[in-house]
Amino acid sequence: DWENYYTYSIYVQHGVVGTTNTLGVLFMSGFHIGYDMAGLELPAVSLTIKNSYTKPWLKLNETGIISANVYRSGNAVVTSYDYNYSIDDVVYTENVTDANIALVYPIKTLEHSTTFTPTEEGTYDLKIWFSNINGDASATSDTFNMKIITYQKVTQRTVLHEVFSSSTCPPCAGANILLKSIFEENPDKFTCVKYQMNWPSPGDPYFTLEGNDRKTYYDVQSVPYLAVDGNYYNDNPSLYSSELLLMEYLQPSFVEMNATFVYDNNQKFHTTVTINPLKTFTGNKKLFVALVESVTRMNAKTNGEKQFFYVFKKFMTDSKGNSISLQDGEEVKVDLAFHFQGKFRLPFNAGSPIDFNTEHSVENFKNMMLVYWIQDYDTKEVLQSGKVDKAVVGIEDLQDNKGNVKIYPNPAEGMINIQSETLFSNIKVLNLLGQVVYNIAVNTNEYILQTSDLAPGLYILQLQTENGLITKKISVK
C-alpha cells in the first residue's frame, strides 16, 4: 500500500545498519522504510534502457530516427556494444567501438545509424536492445518495446503549458525559473499561458476572473500548478522536466492550426485562426484563443521575482471556450477581435481585478502575443496548440505617406518598384504571421523588389530610414 503515500525524501546513508549502506525512504505521513544494501551487487558490465525518443508515429515515407535513452547500470564504463533494433522481427545491428558511457545520470541518448521509413499505413512493433557490451557476449541490456503507428495524415504536436502562479507565492519563483530553462531548451516545442492567481493573499495584481475560470476548470487547489496539454501532466511544475515535455511532444496530433495576429496601434487586436482537422472528431471540442503579454514587471510583489513571462491578459474567445465542429478535411476559419478599453491601471493586489470594459493592465502592447488551442472540454485533452510571438501592425493604419514613398505596381506580379525622397538603409517584408520573409541592407532611395518567390497574399513592407520606420501594405498576385 506504500504507493498511496507521498514520499518526503529518499536517501542513502552509511552506517545506519552496522557498517553497510542503507537506502531510506521518508513518508510525509510519518512512516520510514530502510533497506539494507549490503547484499546488493552490481553486474560487472551492464546498460539499462530507460525510454526512447523514437517518434511513436510517422507519416508515410517519413524518415524515423531510432533512439534509446540509456545509463550505465554495471561497475565498468561502457566502451563498446552492439546496438540492435528490430521492426516486425527484422533485425538491424550497428557495432559501436568508440563509446564512453561512464555515468548513471544524466541519461545518454543514443541514435542508431540506420533509420526507418514506412511505406504502408499500419502498426509496427519496435524492439531495442544492446548486446556484446565491452566485448562480453553474455552482457546484454534489457529490451525496450514500443509501437510505431504510421498515418496518411498526421501532424506535429505543440505542447500547451497552462501555469497557475502568483507574485505572492515563494515556491512559484523557483518553479518559474525551472520552466524558463525547460522552454529555452525546447524553443519550438511549447506554448505557454500563465494565469496569475489571487492567493496566497493578497494575490497577484494581474489576477483575472477569466484566469479564475481556468483555475476552477482544473480544480487547482494550490500554486504553483501546471497543466500540460490539459490532462497529460497535472502537478507542481517543480517536478516537470524536459524529458516529460519531449515525451508529450512525440505524441501525434490530428489537427493543423495556424493564425494571423494583427494590432491596429489603438489597443485593438484581430486574429484569424485557421483549423484543418486531419480526421473527424466527436464530443465537446472547444477553441481557446488567449492574449498573453510576453513579459511583465509591474506586478512584482513579495516572492522575489522581478519579471514574469507569458502572463495571461484576456481571452478573445469565451473563457470556457467556443464550441467548434471538426470534420475530416473541412477547413475552419475563426475571426476574432478584442479592443482593450481605457487606460492602464495597476491593481494594488488581486482584490480589485481589472474591469476590461473600462481599463486594462497591458504594460506594453508591443509585447502582446497570441496563444491558441483546441481542447476536449469533457476529458480536458488538448488536441493541438499554437502561438504567434508578435503582432503585425494593422493594414488599416499603414496608409500614411511619411517620406513620400511610392510603391508600384501594387498589387505586384513579379516585382515592385520602391521610390522614396528619403534614403532608406534596410528593406524588410513580413507576412501576416509576423514572419520575416525578405530582409536586405541597402543605402538608396530606389529599389526593385523581386516578388516571384513570395506566395500570393498580403504583406507588410518596412523601410528603415534615419527618421524612423516607414511601413506599407503590399499585395502579391
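On a predicted model such as this, the values are computed, not experimentally measured, just so you know. Computation of the quantities below employed the complete heavy-atom set of this structure, encompassing side-chain atoms and omitting hydrogens, waters and symmetry-equivalent molecules.
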In this structure, is the centre-to-centre distance between the rings of [Y] and [X] below 6.0 Å?
X: Tyr124; Y: Phe116; answer: yes
X: Tyr85; Y: His112; answer: yes
X: Phe338; Y: Phe269; answer: no
X: Tyr377; Y: Tyr217; answer: yes
X: His161; Y: Phe183; answer: yes

Can a salt bridge be assigned to the pair Glu248 and Arg157 using a cut-off of 4.0 Å between side-chain N and carboxylate O?
yes
Distance-only, no hydrogens or angles: does the [X] side chain make a donor-acceptor pair with backbone N or O of [Y] under 3.5 Å?
X: Ser253; Y: Gln156; answer: no
X: Asp376; Y: Thr379; answer: yes
X: Gln152; Y: Glu121; answer: no
X: Trp57; Y: Thr155; answer: no
X: Asn426; Y: Ile440; answer: yes
X: Ser67; Y: Thr54; answer: yes
X: Tyr232; Y: Met247; answer: no

Restricting to non-hydrogen atoms, name the atom on Ile148 and the atom on Leu58 that form the minimum distance, rounded to 0.1 Å.
CG2-CD1, 4.0 Å
Would you name the heavy atoms of Arg72 and Ala102 that are closest together and state the gap between them?
NE-O, 2.9 Å
Parallel under 30°, tilted from 30 to 60°, perpendicular over 60°: which one fits the rings of Phe288 and Trp373?
parallel
Under 30°, 30 to 60°, or over 60°: which ring-plane class applies to Phe315 and Phe312, parallel, tilted or perpendicular?
tilted
May I ask you to check whether over 12 heavy atoms, not counting those of Asp453, lie within 6.0 Å of atom CG?
no
